[in-house]
Number of protein chains: 2
Amino acid sequence: MESHPELRFDNGGQTPERLKRQISRLMGMTGAQMRRIANEAFEAVGARKDHFVVLAALAEFGPASQAQLSDRTRVYRSDLVAVLNELADGRWIERAPDPDDKRRNVITMTDSGARRLDEFDRILAGVNDRIMAPLSPDEREQLFALLGRINAHLAAG
Amino acid sequence: MESHPELRFDNGGQTPERLKRQISRLMGMTGAQMRRIANEAFEAVGARKDHFVVLAALAEFGPASQAQLSDRTRVYRSDLVAVLNELADGRWIERAPDPDDKRRNVITMTDSGARRLDEFDRILAGVNDRIMAPLSPDEREQLFALLGRINAHLAAG
DNA sequence: CACTAACGTTAGTTGCACTAATGAAACTAC
DNA sequence: GTAGTTTCATTAGTGCAACTAACGTTAGTG
């Protein structure tokens with residue numbers, strides 16, 4: 001019934017050799033698999049990825065304006081509005097006008113927001129573990145390091 | 001003037017630690033950078049990625065129906081139509097009805113299609129090299145191997 | 001006080017992966 | 001040999017994520 005899209009990189013002799021050499025293709029397909037797993041995990045608890053990133057930013061940097069949150073999470077200001085609406089509906093954050101600057105809102109995480117983040121932490125530990133299951137701890141670090149170097153290089157240049 | 005979106009994974013103290021631990025986030029951001037570079041390279045010669053994957057499949061497996069091409073390239077049947085229209089417009093392929101099965105078309109690569117593919121090969125060699133610039137040959141292989149194992153694992157189940 | 005910039009918000013665009021529906025042709029069963 | 005099912009190419013459309021534009025409001029700057 002659930003026919004998952006075929007994201008196997010090397011499709012048993014069917015895949016042209018040239019395609020197997022493209023790192024961007026391998027990254028794209030594998031990244032899509034990862035994203036699907038993470039999204040499903042969030043969906044199972046009525047959340048989505050941006051709930052996590054916003055709560056993480058609030059937990060680690062404290063109350064902030066929406067512009068600050070956008071900078072810290074790279075969720076666009078325009079998209080952040082809906083995310084904060086949802087988080088406020090669940091009482092995980094509070095949104096109040098900033099008395100010092102009437103353009104701003106101050107976003108604060110509630111206690112139940114902190115518990116929600118704990119839940120996400122547990123869920124994501126499982127997700128990461130499932131994704132990286134075939135790799136040893138050393139290999140997982142290698143992967144992070146290699147991708148991190150490429151990321152830094154491409155972001156710089 | 002061209003202000004690229006900020007896809008630096010670790011944004012200098014601004015990024016919550018929790019986000020830096022998510023492999024799917026690192027993959028997503030780095031994959032987006034790679035995709036942008038590849039897309040720009042194709043765009044510079046009036047092409048796009050799917051032109052390459054279709055020509056690669058034709059070069060390596062010979063003339064084929066659209067359904068076969070879809071299987072080999074994982075370009076959806078529905079999206080393949082436009083790709084083949086574009087390739088036919090440029091005389092890089094020919095699309096003819098299959099006399100043995102009137103439902104099918106037979107897609108054949110022309111000589112100029114083969115030359116177009118050569119051009120893509122050269123372009124992509126440069127793209128891959130630019131993407132993986134900070135990695136040694138050994139490290140590039142490691143990255144392929146690690147991602148390949150994760151991909152196979154996730155595709156399996 | 002005029003000007004510019006930053007704030008949150010709404011609306012809209014683009015690209016990509018993916019689904020649904022369709023008419024024509026071909027297999028499959030009885 | 002005809003009825004029912006499947007495959008084919010094709011058109012249209014959905015869902016989502018990343019991204020842009022425009023706007024009214026408020027705050028700094030000369």
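So you know, we letter chains A, B, ... as the sequences are listed, proteins then strands, and number each from 1.
- Along DNA chain C, the nucleotide closest to A:Arg95 and the one closest to A:Asp79 are compared, and the more 5′ of them pairs with A:Arg95.
- Regarding B:Arg36, its CZ atom lies at a distance of 20 Å from the P atom of C:dT14, rounded to whole Å.
- In this structure, A:Asp100 places its CG atom 17 Å from C1' of C:dG8, rounding to the nearest Å.
- Put simply, CZ on A:Arg74 is 12 Å from P on D:dT20, counting in whole angstrom units.
- Side chain of A:Glu94 to main chain of A:Thr110: no donor-acceptor pair is present (N/O by atom type, distance under 3.5 Å, no hydrogens or angles).
- Residues satisfying the side chain to side chain donor-acceptor pair (under 3.5 Å) criterion with A:Asp98, sequence neighbours excluded, are absent altogether.
- Minimum atom distance to the side chain of A:Arg104 is reached by C:dG8, of the listed D:dA9, D:dA27, C:dG8.
- For D:dA18, neither phosphate oxygen OP1 nor OP2 lies less than 4.0 angstrom from any side-chain nitrogen or oxygen of A:Tyr76.
- In this structure, A:Asp50 atom CG and D:dA18 atom P are separated by 7 Å, rounded to whole Å.
- The CZ-P distance, from A:Arg103 to D:dT25, rounds to 14 Å in whole Å.
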Working for side chain to side chain contact (heavy atoms under 4.5 Å, CB included), residues A:Arg48 and A:Asn39: CA-CA 7 Å; A:Arg48 52 197 184 100; A:Asn39 285 347; over 6 Å; no
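- The distance from atom CG of A:Asn85 to atom P of C:dG8 is 13 Å, rounded to the nearest whole Å.
- The shortest distance between side-chain heavy atoms of A:Arg72 and B:Thr15 does not fall below 4.5 Å.
- Comparing B:Asn105 and A:Ser78 along DNA chain D, the residue whose closest nucleotide (by nearest heavy atom) sits nearer the 5' end is B:Asn105.
- Residue A:Asn39 places none of its side-chain N or O atoms closer than 4.0 Å to OP1 or OP2 of D:dC16.
- Atom CD of B:Gln33 and atom C1' of D:dA18 are 14 Å apart (whole Å).
- Contact between the side-chain N/O atoms of B:Gln66 and the OP1/OP2 oxygens of D:dC8 is not found at any separation under 4.0 Å.
- Counting heavy atoms from C-beta on, the side chains of A:Leu143 and B:Ile23 come closer than 4.5 Å.
- The interatomic distance linking A:Arg48 (CZ) with D:dG15 (C1') rounds to 13 Å, in whole Å.
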